[in-house]
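Here is the structure we will look at, set down as structure tokens.
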There are 2 protein chains.
Amino acid sequence: MSTPYHHGSLRDALVDAATQVVTETGSESLSLRALARRAGVSSGAPYRHFTDRDAVLCAVATNGFRRFDAALANTDEQSATLPPVERVEQLGVAYVRFAAEEPNLFRLMFGPLAPRVGVDAELDEVRRRAGAHLPRALTRAQAAGFGTDSSLEELVELAWALVHGVAALHLDGLAGSSDVAGAEQLARRVTGQLGRLMRSDK
Amino acid sequence: MSTPYHHGSLRDALVDAATQVVTETGSESLSLRALARRAGVSSGAPYRHFTDRDAVLCAVATNGFRRFDAALANTDEQSATLPPVERVEQLGVAYVRFAAEEPNLFRLMFGPLAPRVGVDAELDEVRRRAGAHLPRALTRAQAAGFGTDSSLEELVELAWALVHGVAALHLDGLAGSSDVAGAEQLARRVTGQLGRLMRSDK
DNA sequence: CGTTCAATGTAAGCGCCGCTTACACGAGTA
DNA sequence: TACTCGTGTAAGCGGCGCTTACATTGAACG
């Protein structure tokens, strides 16, 4: 009676705990049994709410993309008064900053064991939303006459490869400094080059 | 007597088998027990040659960097007669091509569970060698007067972020097409932009 | 040539894991 | 009140990384 037979909100508790574990120690070390123990529940209980371990990781990744989307949207709002090319740069910096601040989450979201497209509709949706910011900002910039030497598609490719590349470089420990500030400075320099390229097309 | 008590070259056999497994199905699915079975040996035998599972992955990654270095060196040789900026582009394409052709190996080499720097001297050495190609090509280009608007360090950062980014984009399934040819074309377009930037600095 | 010994194999076992199956509980409903 | 269905438990399967104690060997050495 001290603890009721039914947990009440086991699913949420599991997702929260899983998010914490992934954030702190990476998705590799996530164990459903440990999650169940932490929630004070038997080792079979999680399987009432998730088909398997990957489904839990999928839920964590979905949370991650939600936060990612929010971070980018917030940055875009903050920079509403800036020139369009500068807004692109800001967005790129925010992209890298998120990766640097939440490396384990970012790796889960984009890494190899990331839940593949088409498995989870909600994940697909939030991922799509998060991925729309950069193309939108680039469209605005082109509409203002910047970066028109290339097609929008090429520009998106270039910008995405750049920012994702800086994030990956940092996450893989190949960048000079390994702290968040270093990643941000690197992002600023690289996106600055992109901005320079776009402005020269005016 | 059909099979001798001592394998004779177990270490090599394990590394070869491990390389194959990682290449085909990714490093996550590598099991020392399965490796031992494949080599016709008991499950404890591998521990005579490797301290733990990570040490095996380390050996596989070392092999990977050797092949990576060879691929880049070969590309650099092939393009010896080309203009320096074009050689940079070729190198970038080769970088991406390797990642696209050996995604699982590439992920092990650069990914999160990649054996960290300082653990294995041989790995550090071969990784350093492989990483020297791009800076060298960029140095040559700058010596010829290209891309001199930026410092060498900045140029290296930019180029590395670009090619590593394209590779990561492709590996993470974010690029348009997911086959090797698509990755190569994407790499060509992106490195082309880099070349354009450098040539404009002449 | 015989001994010795370090390297390299085996066998067995520990605690962990993901996942499944059969059963127990209990809140909402007819 | 009785039933049912969602959600929990208990127990177990096979696989894993890794360790310990013991077996076998080839090669070095007196």
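These values consider heavy atoms only, across backbone and side chains, with no hydrogens, waters or symmetry-generated copies. Quick note on labels: first sequence line is chain A, next is B, and so on, each numbered from 1.
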Suppose we call a contact any N or O donor and acceptor under 3.5 Å apart; does that hold for the side chain of A:R33 and the base of C:dG18? yes

In whole angstroms, the gap separating C1' of C:dG13 from OH of B:Y47 amounts to 14 Å

A:R11 has an atom CZ; how far is it from atom P of D:dG6, in whole Å? 15 Å

A:E122, CD atom: more than 12 neighbouring heavy atoms under 6.0 Å: no

Rounded to the nearest Å, what distance is computed from the CZ atom of residue A:F50 to the P atom of nucleotide C:dT20? 15 Å

Would B:D201 and B:R196 pass as an ion pair if we require N to O under 4.0 Å? no

So does A:H49 get a side-chain nitrogen or oxygen closer than 4.0 Å to the phosphate oxygens (OP1/OP2) of D:dG6? no

Out of D:dC22, D:dG8, D:dC18, minimum distance to the side chain of A:R48 belongs to D:dG8

Would you mind classifying the nucleic acid contact of A:R37 as base, sugar-phosphate or nothing, using non-hydrogen atoms under 4.0 angstrom? sugar-phosphate

Please report the distance, rounded to the nearest Å, between CD in B:E28 and P in D:dG17. 13 Å

Does B:S42 put a side-chain nitrogen or oxygen below 4.0 Å from OP1 or OP2 of C:dA11? no

Check the distance between C:dT20's C1' and A:D52's CG and give it to me in whole angstrom. 13 Å

Any donor-acceptor pair under 3.5 Å linking the side-chain atoms of B:R188 with those of B:Q90? no

Taking for B:S9 and for A:A34 the nucleotide of DNA chain C with the nearest heavy atom, the one nearer the 5' end belongs to B:S9

Tell me: CG of B:L35 to P of D:dC16, nearest whole Å? 11 Å

According to the interplanar angle, ranging from 0 to 90°, do the rings of A:Y95 and A:H164 count as parallel (below 30°), tilted (30 to 60°) or perpendicular (above 60°)? perpendicular

Euclidean distance, atom CZ of residue A:R53 to atom P of D:dC16 [Å, nearest integer]: 16 Å

Which nucleotide in the list D:dC16, C:dT10, C:dC17 gets nearest to the side chain of B:A45? C:dT10

Does A:R127 come within less than 4.0 Å of A:D69, counting only side-chain N to carboxylate O? no

If you find the nucleotide of DNA chain C closest to B:S43 and the one closest to A:L30, which residue's nucleotide is nearer the 5' end? B:S43

For A:L32 and D:dT9, what is the distance between atoms CG and C1' respectively, to the nearest whole Å? 17 Å

